[in-house]
Amino acid sequence: MQETAERLLIIDDDEMFCHVLDRALTRRGFEVMVAHDAAQALSLARRHQPQLATLDLKLENESGLKLLPELLELVPACRVIVLTGYSSIATAVEAIKLGAVNYLCKPADADEVLAALSREEGDPEMEVADNPPSINRITWEHIQKVLQEHDGNISATARALGMHRRTLQRKLQKRPVRR
């Protein structure tokens with residue numbers, strides 16, 4: 001009797017990324033489903049009860065962090081990793097607190113995704129970088145932390161940071177600063 005493939009749900013608004021990851025994971029024997037927004041993701045999760053999921057932190061008009069608890073409420077045993085091109089310490093910590101089993105920065109390939117999904121514990125052998133983050137990176141992470149504290153409300157975040165709302169919006173439209 002043939003064993004059934006593990007079901008994996010990809011939740012990401014980047015169609016090209018979904019297509020590439022879908023193909024790579026299907027070739028590795030997974031039954032892959034793709035959702036491009038929260039409503040579609042919850043519908044697929046309800047119907048198919050995936051064992052694994054990748055969740056983009058920043059969907060088109062939605063936060064992956066808001067979707068994460070809803071997804072886990074529908075499928076409590078699902079192992080979810082958060083993927084993002086907008087990584088920050090604040091969002092990584094929040095994702096883990098909300099139930100994600102791991103957090104990866106994009107670009108991530110299928111092997112990295114599978115490794116992150118399969119890890120049960122942290123790695124004490126992880127190398128610690130010698131170079132501290134730049135002042136621009138620290139600023140980016142602080143903005144992300146304050147934004148998270150204000151549930152993504154730009155106006156409230158701008159007031160808390162003591163800056164004009166449009167200035168904050170311009171800063172948030174830029175790509176995150178690398179180390």
Side-chain angles (χ1 to χ4, degrees), residues 1-128 141 144-153 176:
M1 187 162 175
Q2 188 177 359
E3 205 174 296
T4 59
E6 276 191 292
R7 287 179 303 280
L8 188 144
L9 175 59
I10 299 171
I11 307 164
D12 202 303
D13 56 357
D14 181 338
E15 291 188 28
M16 183 56 73
F17 176 77
C18 289
H19 176 72
V20 170
L21 191 58
D22 179 356
R23 264 193 19 227
L25 294 171
T26 299
R27 273 193 233 123
R28 287 170 172 82
F30 290 88
E31 180 186 328
V32 179
M33 298 155 283
V34 177
H36 298 294
D37 60 42
Q40 191 179 22
L42 293 172
S43 174
L44 285 170
R46 189 175 294 110
R47 255 187 318 206
H48 299 284
Q49 297 289 301
Q51 292 96 349
L52 307 167
T54 67
L55 173 60
D56 189 14
L57 179 69
K58 192 173 182 183
L59 297 168
E60 186 71 28
N61 295 314
E62 303 160 300
S63 166
L65 290 179
K66 288 188 178 173
L67 176 56
L68 182 56
E70 295 176 59
L71 181 63
L72 290 173
E73 187 175 311
L74 278 176
V75 191
C78 187
R79 294 179 56 79
V80 181
I81 62 167
V82 172
L83 293 170
T84 184
Y86 300 90
S87 63
S88 74
I89 293 168
T91 55
V93 169
E94 200 59 33
I96 300 302
K97 281 182 183 177
L98 290 170
V101 297
N102 221 320
Y103 182 97
L104 284 179
C105 298
K106 285 182 181 176
D109 63 26
D111 292 330
E112 292 169 315
V113 167
L114 292 176
L117 283 165
S118 66
R119 288 193 47 210
E120 296 290 332
E121 297 179 359
D123 182 3
E125 302 300 316
M126 177 73 68
E127 298 263 336
V128 177
E141 290 190 4
Q144 293 299 313
K145 177 179 176 277
V146 176
L147 185 63
Q148 183 66 37
E149 289 169 356
H150 290 90
D151 297 321
N153 183 314

Sub-3.5 Å donor-acceptor pair from the side chain of [X] to the main-chain atoms of [Y], do we have one?
| X | Y | value |
| --- | --- | --- |
| E112 | D109 | yes |
| E6 | F30 | no |
| D12 | C18 | no |
| R7 | Q49 | yes |

[X] versus [Y], closest heavy-atom pair with distance:
| X | Y | value |
| --- | --- | --- |
| L72 | C78 | CD2-O, 3.4 Å |
| A108 | L83 | CB-CD2, 4.1 Å |
| I10 | T54 | CA-OG1, 3.4 Å |
| G29 | A5 | O-CB, 3.0 Å |
| K66 | D151 | NZ-O, 3.7 Å |
| N102 | A116 | ND2-O, 3.3 Å |

### Query
Just wondering, more than 12 heavy atoms not from E73 lying within 6.0 Å of its CD?
no
Taking the side chain as everything from C-beta on, heavy atoms only, tell me whether [X] gets closer than 4.5 Å to [Y].
| X | Y | result |
| --- | --- | --- |
| L117 | L8 | yes |
| L98 | V82 | no |
| E62 | L67 | no |
| I11 | D56 | no |
| D37 | E60 | no |
| L9 | H48 | no |

#### Entry: Residues which pass salt bridge (Lys or Arg N to Asp or Glu O under 4.0 Å) with E149, listed by chain and number, not counting sequence neighbours
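E149: salt bridge (Lys or Arg N to Asp or Glu O under 4.0 Å) contacts with K145.
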Pairwise distance [atom1]([X]) to [atom2]([Y]) - rounded to 0.5 angstrom:
| X | Y | atom1 | atom2 | result |
| --- | --- | --- | --- | --- |
| L74 | R47 | CG | CZ | 12.0 Å |
| L25 | L114 | CG | CG | 5.5 Å |
| Q51 | E31 | CD | CD | 8.5 Å |

#### Entry: Under-4.0 Å salt bridge between D14 and K58
no
